[in-house]
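Quick caveat: nothing in here was measured; it's all calculated off a predicted structure.
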Amino acid sequence: NEEALDTVVKSLVQDFAGQQVLKINTEAESLHNYLSDRGPSVNDDFTASASEEQTEYNEKAQEEWQEQQQMQPNWKALKRRLRCGECERCRKPNCGKCRNCKDMKMFGGKGTGRQACEKRKCQEMAGGGVRQEAGPR
């Protein structure tokens with residue numbers, strides 16, 4: 001749970017950073033448009049070099065942000081997988097003796113594991129992709 005929370009917080013921070021980069025790009029672009037609309041001025045050389053530096057900085061920041069986005073997991077591939085409900089293992093009752101059953105509230109456990117009985121684990125899971133196929137975290 002803590003790892004999942006950490007990944008969500010990191011993704012929110014990265015999204016916020018990406019929004020800030022886009023905001024800076026927009027502000028730099030509007031400033032550049034304003035200065036170019038004014039016509040030639042005394043500081044044209046300085047303005048041109050400053051806008052080139054800003055453009056280079058913005059391009060680097062945009063590339064870094066895109067690299068970070070590529071490192072994010074593919075959330076569509078992390079859909080919850082469900083038991084098929086048809087195989088022999090899915091139809092068995094809980095044994096009440098395995099580690100997962102002992103954790104269940106119906107058998108007097110805390111219920112924190114939330115795992116199926118080890119004898120009921122489906123071998124033909126239906127649903128979305130597997131976490132390992134989802135990409136880096």
Side-chain angles (χ1 to χ4, degrees):
N1 287 339
E2 290 181 23
E3 289 180 38
L5 183 61
D6 286 344
T7 43
V8 169
V9 169
K10 286 179 184 177
S11 67
L12 289 174
V13 168
Q14 289 173 349
D15 288 344
F16 178 75
Q19 291 173 357
Q20 294 301 316
V21 167
L22 293 175
K23 186 177 179 182
I24 289 171
N25 285 341
T26 307
E27 290 174 359
E29 198 173 312
S30 63
L31 177 63
H32 179 67
N33 290 338
Y34 170 74
L35 292 174
S36 63
D37 290 344
R38 283 186 19 199
S41 69
V42 178
N43 295 327
D44 272 348
D45 295 333
F46 175 75
T47 306
S49 64
S51 64
E52 288 173 11
E53 290 174 6
Q54 183 68 31
T55 304
E56 289 176 20
Y57 173 78
N58 288 341
E59 288 173 359
K60 288 179 184 177
Q62 185 69 24
E63 289 173 10
E64 289 176 9
W65 181 75
Q66 287 175 349
E67 288 175 10
Q68 289 176 352
Q69 290 300 313
Q70 290 174 352
M71 294 302 293
Q72 293 295 315
N74 182 0
W75 294 107
K76 290 181 181 177
L78 293 176
K79 288 181 182 174
R80 186 174 181 171
R81 293 172 20 161
L82 304 171
R83 292 190 208 129
C84 69
E86 299 171 1
C87 69
E88 185 179 333
R89 287 185 142 197
C90 284
R91 295 180 179 193
K92 282 186 179 180
N94 292 325
C95 70
K97 298 175 184 176
C98 69
R99 177 183 59 182
N100 294 340
C101 283
K102 287 180 182 177
D103 181 61
M104 293 180 188
K105 287 187 176 185
M106 67 172 64
F107 295 110
K110 291 185 177 181
T112 56
R114 298 178 186 225
Q115 295 290 312
C117 173
E118 291 177 4
K119 293 181 180 177
R120 293 189 63 206
K121 293 256 180 169
C122 181
Q123 293 176 336
E124 302 171 20
M125 297 290 272
V130 181
R131 213 176 237 290
Q132 291 131 0
E133 296 173 1
R137 291 185 181 193

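How far CE of M104 is from SG of C117: 6.0 Å, rounded to the nearest 0.5 Å. Here NZ of K60 is found 9.0 Å from CD of E64. Values are rounded to the nearest 0.5 Å. Taking SG of C101 as the reference point, atom CG of N94 lies at 4.5 Å (rounded to 0.5 Å). Annotation: the span from F107 atom CZ to C98 atom SG amounts to 8.5 Å, rounded to 0.5 Å. Of the inter-residue distances, the one linking E88 atom CD with Q123 atom CD reads 9.5 Å to the nearest 0.5 angstrom. Rounded to the nearest 0.5 Å, atoms SG (C87) and CD (E124) are 5.5 Å apart.
For the 3.5 Å distance criterion, the side chains of Q54 and N58 qualify, holding a donor opposite an acceptor.
Smallest separation of non-hydrogen atoms from G96 and K102: O-CG, 4.4 Å. When all heavy atoms of D103 and T112 are compared, the closest pair comes out as OD2-N, 3.3 Å.
Under the 3.5 Å distance criterion, the side-chain polar atoms of N100 are left unmatched by any main-chain donor or acceptor of G113.
Looking only at side-chain heavy atoms (C-beta outward), R89 and C122 stay at 4.5 Å or farther from each other.
Here the rule is side chain to side chain contact (heavy atoms under 4.5 Å, CB included) with R120, and of R91, R83, Q115 only R83 fits it.
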* side-chain contact (heavy atoms from CB on, under 4.5 Å) between E118 and R99, worked out -> CA-CA 8 Å; E118 291 177 4; R99 177 183 59 182; 3.7 Å; yes
